[in-house]
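What follows is a short report on a single structure.
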Amino acid sequence: EISPQQGDQRRALDQEVLETGRAASRVMVSRSARGERRVWHTVKFPLAGTSGELLVAGLATEITGLVEAQDALRESEERLRLAVRAGGHGLWDLDLRTGAAEVNEEYSRMLGHDPATFVETNAAWRDRLHPDDRDRAYGTHEAYVRGELGT
């Protein structure tokens, strides 16, 4: 059973398709008979009837699991972000294809840089290594990237 509000949403989507003659989609929320939240991706599209009249056809795919997984991921990422910030930990994520690195504000500050303007790269990291350690440290890094070293 659908609520009056859900019926209104469905009719509004139908009306949009009839008025524009183009497909339209919405994410809609409903409740199961047991009151459980269900999320649907609904696509409606125009269809010519046998007499040439414009009809509305549609497909709805339940995406509740996907939405719940996305919500859980966002919550988990926020908890991690808070823990990293509270601990003052710097994070560094290197894109091996481009040599560009994503870093958090704490990482930038640890190196004495303004997080708003600091740009990290693999080459810049290598250049900051102490000259006595550079060859060994970067050699180990490169061997790991090539798969010659385990985790």
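This is a predicted model, so every value here is computed, not measured. What you see below is based on every heavy atom in this structure, not just the backbone, and it leaves out hydrogens, waters and symmetry mates. Counting begins at 1 with the first residue of the sequence.
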Counterpart residues, side chain to side chain donor-acceptor pair (under 3.5 Å), relative to Glu19 (two or more places apart): Gln15
Are there over 12 heavy-atom neighbours, none belonging to Glu142, within less than 6.0 Å of that residue's CD? yes
Is it the case that one hydrophobic cluster holds both Leu149 and Leu96, taking links as side-chain heavy atoms less than 4.5 Å apart, direct or via other members? no
Hey, could you give me the CD/CG distance between Glu78 and Leu73, rounded to the nearest 0.5 Å? 12.0 Å
Given side chains that start at C-beta, do those of Leu13 and Arg10 come closer than 4.5 Å, heavy atoms only? no
Arg136 backbone acceptor or donor facing Thr140 side chain under 3.5 Å: yes
Residues at least two apart in sequence or cross-chain that pass salt bridge (charged side-chain N to carboxylate O under 4.0 Å, His left out) with Glu68, listed by chain then number, are none
Side-chain donor-acceptor pairs under 3.5 Å in residues 40-51, sequence neighbours left out?
from: Trp40; atom 1: NE1; to: Ser30; atom 2: OG; distance (Å): 3.0
from: Lys44; atom 1: NZ; to: Asp14; atom 2: OD1; distance (Å): 2.6

Salt bridge check: are Arg26 and Glu16 linked by an N-O gap of less than 4.0 Å? yes
Sidechain-backbone polar pair: Glu102 side chain, Leu94 backbone, donor-acceptor under 3.5 Å: no
Any side-chain heavy-atom pair of Glu106 and Leu91 under 4.5 Å: no
Check: Asn104 side chain, Arg81 main-chain N or O, donor-acceptor pair, under 3.5 Å: no
If you group Ile, Leu, Val, Met, Phe, Trp and Tyr by side-chain heavy-atom gaps below 4.5 Å, do Met28 and Leu59 land in one group? no
Keeping to residues at least two apart or across chains, list the salt bridge (Lys or Arg N to Asp or Glu O under 4.0 Å) pairs with something in residues 46-58. none
Kindly state each residue pair satisfying side-chain hydrogen bond (donor to acceptor under 3.5 Å, both in side chains) with at least one member in residues 115-124, sequence neighbours excluded. Tyr107-Glu120, Glu120-Arg128, Asn122-Tyr138
Judged by atom type as modelled, is there a donor-acceptor pair below 3.5 Å linking the side chain of Thr64 to the main-chain atoms of Val39? yes
Arg126 backbone acceptor or donor facing Arg134 side chain under 3.5 Å: yes
Kindly determine whether Arg38 and Arg31 satisfy side-chain contact (heavy atoms from CB on, under 4.5 Å), including the steps that lead there. CA-CA 6 Å; Arg38 297 285 181 243; Arg31 296 278 172 195; over 6 Å; no
Does the side chain of Val27 reach to within under 4.5 Å of the side chain of Ile63, using non-hydrogen atoms? yes
For Arg97 and Asp95 the tightest heavy-atom approach is N-OD1, 2.9 Å
Using modelled atom types and a 3.5 Å cut-off, is there a donor and acceptor pairing between side-chain atoms of His113 and backbone atoms of Pro115? no
Take Arg22 and Val17, measure what side-chain contact (heavy atoms from CB on, under 4.5 Å) needs, and give me the verdict at the end. CA-CA 5 Å; Arg22 292 190 311 250; Val17 172; over 6 Å; no
Taking C-beta and beyond as the side chain, do Phe118 and Glu105 meet within less than 4.5 Å on heavy atoms? no
CD of Gln70 to CD of Glu75, rounded to nearest 0.5 Å, is 12.5 Å
Mind checking what makes side chain to side chain donor-acceptor pair (under 3.5 Å) contact with Glu148, not counting sequence neighbours? Arg146
Is there a path from Leu111 to Val103 through hydrophobic residues (I, L, V, M, F, W, Y) whose side chains come within less than 4.5 Å of each other? yes
Might you confirm whether atom CD of Glu62 has over 12 heavy atoms from other residues, nucleotides or ligands at distances under 6.0 Å? yes
